[in-house]
Each structure stands twice: as C-alpha cells, then as structure tokens.
Amino acid sequence: MARPDILAPDFTTDPWWWTAAPRPPATDPSPVPETADVAIVGSGYTGLAAALTLARAGRDVVVFEANEAGHGGSTRNAGFVGKTLKHSFSSLFHKHGKDYALAVYSEMQQAYDRVGELVRTEQIQCHYEERGRFIAANTPQHYDGLAHELELKHQHLGDEFEMVPRSATSRALGTEKYHGGAVIPALASIHPGLYQLGLLDRTISAGASVYDHTPVEGVQRDGSSFEVSTPRGKTRARNVFIATNGYTGPATRWQHRRVIPFRGFMIATEELEESVLNRLIPKSRVVHDYNNNLTFLRRAPDAPRLLLGGLTGTMSDDLETMGGRLRQRLIDIFPDIGDVRISRSWNGYCSGTFDLYPHIGVQDGAHYALGYCFAGLPMGTYLGEKAAHAILREQKPDTIFAEREPPKKWWYGGTPWFLPMYMAHLDRLDRKGN
Ligand SMILES: Cc1cc2nc3c(=O)[nH]c(=O)nc-3n(C[C@H](O)[C@H](O)[C@H](O)COP(=O)(O)OP(=O)(O)OC[C@H]3O[C@@H](n4cnc5c(N)ncnc54)[C@H](O)[C@@H]3O)c2cc1C
C-alpha cells in the first residue's frame with residue numbers, strides 16, 4: 001500500500017485518459033450476427049484501423065471486444081507517437097546492412113505519417129501535436145550512443161536532431177539528473193483515449209458492428225470460412241483478424257504462444273502550477289530516458305498535470321504501491337517538485353515477441369497483427385490497415401513485418417514466468433549504464 005497522504009482526493013486507478021474519453025457504456029447484450037464478411041477480435045487501434053478500412057470498402061464487419069470498447073493498451077498508453085523499434089536503426093544497419101535497416105525504418109516513417117494523416121482526414125480531436133521529443137541520457141555513454149544513432153539516422157533517413165550537452169540540459173528538462181540528451185523535433189504526441197474513441201466512432205459510422213463484453217472463446221476454421229464462438233452465440237465469417245496484442249489469450253492458441261504480454265504502469269499527478277510545468281518540461285515535449293527499461297514523462301495535453309510511466313514488466317496489480325514507486329521516480333527526476341500527490345495510477349498490457357519485431361501475417365487462414373514492443377500506437381494503426389488491405393486483395397500483407405512468423409519457444413505457453421528475471425537483467429544493465 002502507498003502512504004495515503006500521497007494520494008490526491010480524486011485518486012482512482014482508471015487511466016487519466018478515461019477522464020476526457022470515458023469508456024462507452026455497455027451495448028445491449030443482443031445475440032451476435034449469424035454471418036459476417038470479417039470478424040475482428042479486439043477493439044484497440046489495430047482492430048479498429050482494420051475495421052474502418054474494411055467497412056469503408058463495403059465489407060460487413062463485426063468487432064468482438066471482451067470488455068468495454070477500448071479496454072486494452074490503446075486507452076492506457078503514454079501517447080508518444082514515434083518511429084523507433086526496439087531494434088535501433090544502427091543495430092539493424094551494422095547487423096543486417098543498410099538496405100534492410102532502411103526498409104524497416106522507412107515503414108516506421110510510413111506508420112508515423114499515417115497516424116497524423118488519419119487524425120487530419122477523419123478530423124479526430126485528440127490533441128495530436130508535433131512538439132518533438134527529448135531523450136535524456138542517463139550516462140555519458142548513453143549520450144555518445146544516442147549521438148551515434150541519431151547521426152546515422154540523419155545521414156540515411158534525413159531525420160533532424162539536436163544534441164543537448166549536460167550544461168544546457170535545463171533548456172530541455174528542468175533537472176540536473178541527466179547527462180544531456182537529444183531533441184528530435186519531428187515527433188508527435190496524442191491523447192490516446194480520444195484517438196481510440198475517434199476511431200471507434202468512425203468505424204461504427206462506416207457501418208461496422210462492435211460487440212463489447214463479448215469475449216471470443218474460439219476460432220474454428222471450417223472449409224473456406226471460420227466459426228467464431230462467443231457467449232452471445234456464433235458468427236460464421238469469411239475472414240478473421242486477431243488484434244488482441246498484449247491481451248491475447250488461449251482462445252487463439254497459436255498467437256498466445258508467440259506473444260509476450262507485459263504490464264506498463266503510469267501515474268498522473270494532481271494539478272500543478274503552469275509556471276512549474278513550464279520550468280520542468282519546457283516546450284511541452286514528451287520525454288524519455290535512454291535506459292533499456294525506460295522511464296517516460298509528459299504533460300497531460302488537457303490539464304496542468306504531469307504523467308509519468310515506467311517499471312514496465314513488473315508483475316504487480318497493486319496500483320497504489322506501483323503509483324507510489326512511480327511518484328518517487330518523479331521526485332528523483334525533479335527533487336524540487338515537493339510533496340506532489342497522485343490522482344491516477346493505472347496499468348495496461350503491451351506485448352513483445354521473441355525476436356523483438358512486430359508481426360503481421362496469416363496463420364491457417366486467420367489474419368493477425370501483434371507484438372509491437374511499445375510502438376503500437378503507430379504500428380497498430382498501420383498494420384491494422386495492412387491486414388485490411390490483405391483481406392480485401394486476398395494477398396499476404398504487403399510489409400516487411402510479414403516476412404517472418406513470430407518465433408515460439410518450446411518452453412513457452414503464454415504465461416511469461418521469466419519476465420521478472422529478464423527485467424532484472426535489464427535493470428542490471430541500466431545500473432551499469434550500458
Ligand atoms: C503503459 C503503456 C504505455 C505505452 N505507451 C506507448 C506509447 O507511448 N506509444 C506507443 O506507440 N505505444 C505505447 N504502448 C503500447 C500500445 O498501447 C499498444 O501497443 C497498442 O495500444 C496496441 O493496440 P492493439 O489494438 O493492438 O491492442 P489493445 O489496444 O491492447 O487491444 C486489444 C483488445 O483485445 C481485447 N481482447 C483480448 N482477447 C479478446 C478475446 N478473446 N475476445 C475479444 N476481445 C479480446 C482486449 O480486451 C483489448 O481491448 C504503451 C502501452 C502501455 C500499457
């Protein structure tokens with residue numbers, strides 16, 4: 001339990017984002033339709049981006065969601081819109097060569113661009129802003145590594161950046177904690193809850209049906225179609241798209257064995273003075289450090305509050321205690337912030353894969369996209385649309401992320417018992433400053 005005095009009177013364990021984007025009320029528990037062209041499992045960015053594209057192309061689409069619409073990572077994340085994978089550009093460049101690194105990162109750019117374009121064309125009011133990102137170096141080695149990575153990206157991808165030496169850090173972040181860092185101006189942020197709600201609204205307006213509180217219990221191939229079983233009945237669909245990412249369960253066993261779910265945690269502070277916020281995070285950029293297990297930080301786009309996330313992979317659902325730990329992290333970064341209280345502490349599941357790449361593909365006729373390793377806001381949107389186009393054209397998805405299946409391990413059945421050891425290993429590397 002956290003000390004009660006650090007919890008603000010309005011404290012809850014709902015994501016901050018649900019304040020402006022409350023989850024839609026449950027729909028009528030009517031039986032599911034007997035038939036559909038496409039059945040989609042999951043109502044996050046991946047499922048909805050696919051559903052919107054397919055419904056606009058005239059397909060009869062049904063989306064099944066186990067909980068309330070948008071229950072998953074899509075309304076719980078930090079809202080950083082980026083274009084970086086767990087595999088850095090330089091590591092791909094040095095290991096697999098220039099062409100491969102360029103192919104992967106040019107798709108990251110397309111995914112990044114697609115979010116901005118979708119927000120504009122669909123007129124989704126979700127605080128999409130390209131204010132840039134500050135990456136803080138935890139050690140001098142980080143500073144050098146960051147400079148090498150960004151210089152290589154600049155040479156080959158044209159991405160702009162500015163290194164900020166330690167002596168000038170306060171221009172980017174109101175703390176003495178870091179060894180400088182880098183500003184990347186062309187990176188955006190978003191209100192993830194409003195983005196998901198906007199996609200949901202456009203998807204329903206395009207004619208798709210969304211069945212919330214309808215967990216898919218099984219997907220059976222039956223000749224050239226699928227039988228999708230739920231507690232509200234069965235739907236026969238010509239195509240199925242599995243878009244469950246970190247919430248993937250045994251109902252889709254093949255995917256369950258290949259995706260590694262892990263918890264991410266965030267807090268929102270009570271309201272702070274504008275002058276304090278301007279000093280702590282000048283220019284309202286989003287911020288993260290350069291550790292293997294990142295701490296990430298931003299201003300709420302819709303209130304004078306700070307949001308901080310981290311401790312990813314911790315196996316805990318005690319959100320008061322986790323909130324207390326994140327609050328301490330905030331105070332470690334900004335010691336002069338004083339006795340700040342927290343108004344929200346929440347978590348959500350993201351997912352990784354054993355090769356640390358996102359994956360999209362077709363398994364026994366069923367389409368899937370998952371395993372975004374923290375880049376799911378742009379990649380979920382992008383790969384959801386790619387899956388929809390693959391269904392429409394009856395082709396394999398047209399992207400480098402479809403080239404390989406997500407690997408499996410004989411000893412892994414879907415419960416990531418090894419995460420505490422893996423995270424402890426990353427924390428050790430971070431303490432050594434590697
Ligand atoms: C704390 C945190 C911070 C993050 N920060 C960022 C960030 O800043 N930028 C970024 O790019 N990414 C970030 N991510 C990752 C990002 O949120 C996800 O990658 C992304 O939301 C995945 O979208 P999705 O649609 O694939 O899955 P989700 O949004 O997780 O949706 C999957 C849905 O499937 C449903 N489901 C599961 N099983 C079934 C079933 N059997 N039947 C019916 N429905 C089912 C679930 O209930 C869930 O709603 C973060 C994640 C977390 C948790």
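We use all heavy atoms of the structure for the numbers below, so side chains are in, but hydrogens, waters and symmetry mates are not. In this chain, numbering begins with 1 at the start of the sequence shown. We count ligands from 1, going down the list as the structure has it; atoms in each ligand are counted the same way.
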Chemist: Using a 4.0 Å cut-off to any heavy atom of Gly72, which atoms of ligand 1 qualify?
Modeler: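 Answer, ordered by atom number: 29 (O), 30 (O), 48 (C), 49 (O).
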Chemist: I want to know if ligand 1 touches Ser74 in the polar sense, i.e. an N/O pair below 3.5 angstrom.
Modeler: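 Yes, since at least one N or O of Ser74 sits under 3.5 Å from an N or O of ligand 1.
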Chemist: If you define the side chain from C-beta out and look only at heavy atoms, does anything of Tyr357 sit under 4.5 Å from Lys86?
Modeler: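 Of all side-chain heavy-atom pairs linking Lys86 with Tyr357, none is under 4.5 Å.
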Chemist: If you measure every N or O of Ser43 against every N or O of ligand 1, does any of those distances drop under 3.5 Å?
Modeler: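 N/O-N/O distance under 3.5 Å: no.
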Chemist: Measure from atom 28 (P) of ligand 1 to every heavy atom in Ala369, Gly218, Gly73, Gly42 and give the option owning the shortest one.
Modeler: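 When every heavy atom of Ala369, Gly218, Gly73, Gly42 is considered, Gly73 comes closest to atom 28 (P) of ligand 1.
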Chemist: Using distance alone, with no hydrogens and no angle criterion, decide if Glu129 and Ser189 have a side-chain donor and acceptor under 3.5 Å apart.
Modeler: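 No, because no side-chain N or O of Glu129 sits under 3.5 Å from a partner of the opposite role on Ser189.
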Chemist: Hey, is Gly246 one of the residues with a heavy atom under 4.0 angstrom from ligand 1?
Modeler: no
Chemist: Short N/O distance, under 3.5 Å, between Gly376 and ligand 1?
Modeler: yes
Chemist: When you check the gap from the basic side-chain N to the acidic O, do Asp332 and Lys177 get nearer than 4.0 Å?
Modeler: no
Chemist: Please report whether ligand 1 has a polar contact with Tyr45, defined as an N or O pair separated by less than 3.5 Å (distance criterion only).
Modeler: yes
Chemist: Can you tell me if Asp430 and Tyr290 form a side-chain donor-acceptor pair at under 3.5 Å?
Modeler: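 Judged by distance alone, the side chains do not pair up.
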Chemist: Looking only at side-chain N and O atoms, does Asn347 offer a donor or acceptor that is under 3.5 Å from a partner on Asp317?
Modeler: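 The answer is yes; a qualifying pair exists.
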Chemist: Nearest to atom 48 (C) of ligand 1 by heavy atom, His71, Glu65, Arg263: which?
Modeler: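 Ranked by closest heavy atom to atom 48 (C) of ligand 1, first place is Glu65.
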Chemist: Please tell me whether Tyr195 and Tyr45 form a close aromatic pair, meaning their ring centres lie under 6.0 Å apart.
Modeler: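 Between Tyr195 and Tyr45, the centre distance is under 6.0 Å.
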Chemist: When you compare ligand 1 with Thr46, is there at least one nitrogen or oxygen pair between them that comes in under 3.5 angstrom?
Modeler: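 Yes: some nitrogen or oxygen of Thr46 is under 3.5 Å from one in ligand 1.
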Chemist: Can an N or O of Arg76 be found at a distance shorter than 3.5 Å from an N or O of ligand 1?
Modeler: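 N/O-N/O distance below 3.5 Å does not exist for this pair.
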Chemist: Less than 4.0 angstrom from a charged side-chain N to a carboxylate O is my criterion; do Glu385 and Arg114 meet it?
Modeler: yes
Chemist: Looking only at side-chain N and O atoms, does Thr295 offer a donor or acceptor that is under 3.5 Å from a partner on Arg329?
Modeler: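 Yes, a side-chain donor-acceptor pair sits under 3.5 Å.
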Chemist: Would you say Ala243 touches ligand 1, if touching means a heavy atom closer than 4.0 Å?
Modeler: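 So Ala243 counts as touching ligand 1.
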Chemist: Say whether Arg404 and His359, considering side chains only, have a donor N or O and an acceptor N or O under 3.5 Å apart.
Modeler: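 There is no such pair between these side chains.
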Chemist: For the pair Asp37 and Arg238, find out whether any cationic side-chain nitrogen is under 4.0 Å from an anionic carboxylate oxygen.
Modeler: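 A salt bridge is absent here (no side-chain N lies under 4.0 Å from a carboxylate O).
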Chemist: Looking at ligand 1, would Gly249 count as a contact under a 4.0 Å heavy-atom criterion?
Modeler: no
Chemist: Please confirm whether Leu377 comes within less than 3.5 Å of ligand 1 when only nitrogen or oxygen atoms on both sides are compared.
Modeler: yes
Chemist: Of all the heavy atoms in Gly380, does at least one lie under 4.0 Å from an atom in ligand 1?
Modeler: no
Chemist: Which atoms of ligand 1 sit under 4.0 Å from any heavy atom of Gly348?
Modeler: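 In order of numbering, the contacting atoms are 53 (C).
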Chemist: Which atoms from ligand 1 have a heavy atom of Gly264 less than 4.0 Å away?
Modeler: 1 (C)
Chemist: Please identify which atoms of ligand 1 are closer than 4.0 Å to at least one heavy atom of Ala78.
Modeler: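 Every atom of ligand 1 under 4.0 Å from some heavy atom of Ala78: 3 (C), 4 (C), 5 (N), 6 (C), 8 (O).
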Chemist: Rounded to the nearest 0.5 Å, what separates atom CD in Glu320 from atom CZ in Arg325?
Modeler: 15.0 Å
Chemist: Is Phe296 in polar range of ligand 1, meaning some N or O pair under 3.5 Å apart?
Modeler: no
Chemist: Output the list of atoms in ligand 1 that are nearer than 4.0 Å to some heavy atom of Gly44, sorted by atom number.
Modeler: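 Selected atoms, number and element: 25 (O), 29 (O), 31 (O).
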Chemist: One thing to verify: whether Lys83 and Asp113 come together as a salt bridge, which I'm taking to mean a side-chain N less than 4.0 angstrom from a carboxylate O.
Modeler: no
Chemist: Report yes if Tyr372 has an N/O atom closer than 3.5 Å to an N/O atom of ligand 1; otherwise report no.
Modeler: no
Chemist: Please could you name the atoms of ligand 1 that Asn67 approaches to less than 4.0 Å, counting only its heavy atoms?
Modeler: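 Those qualifying, in numeric order: 47 (O).
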Chemist: Hey, which atoms in ligand 1 end up nearer than 4.0 Å to a heavy atom of Phe64?
Modeler: 43 (C), 44 (N)
Chemist: Mark up the atoms of ligand 1 that fall under 4.0 Å of a heavy atom belonging to Tyr247, in ascending order.
Modeler: 30 (O), 37 (C), 38 (N), 46 (C)
Chemist: Does atom CZ of Arg253 have more than 12 heavy-atom neighbours from other groups under 6.0 Å away?
Modeler: no
Chemist: Is there at least one pair of N or O atoms, one from Phe80 and one from ligand 1, spaced under 3.5 Å apart?
Modeler: yes
Chemist: May I ask you to say whether Arg56 pairs ionically with Glu122, meaning some side-chain N is under 4.0 Å from a carboxylate O?
Modeler: yes
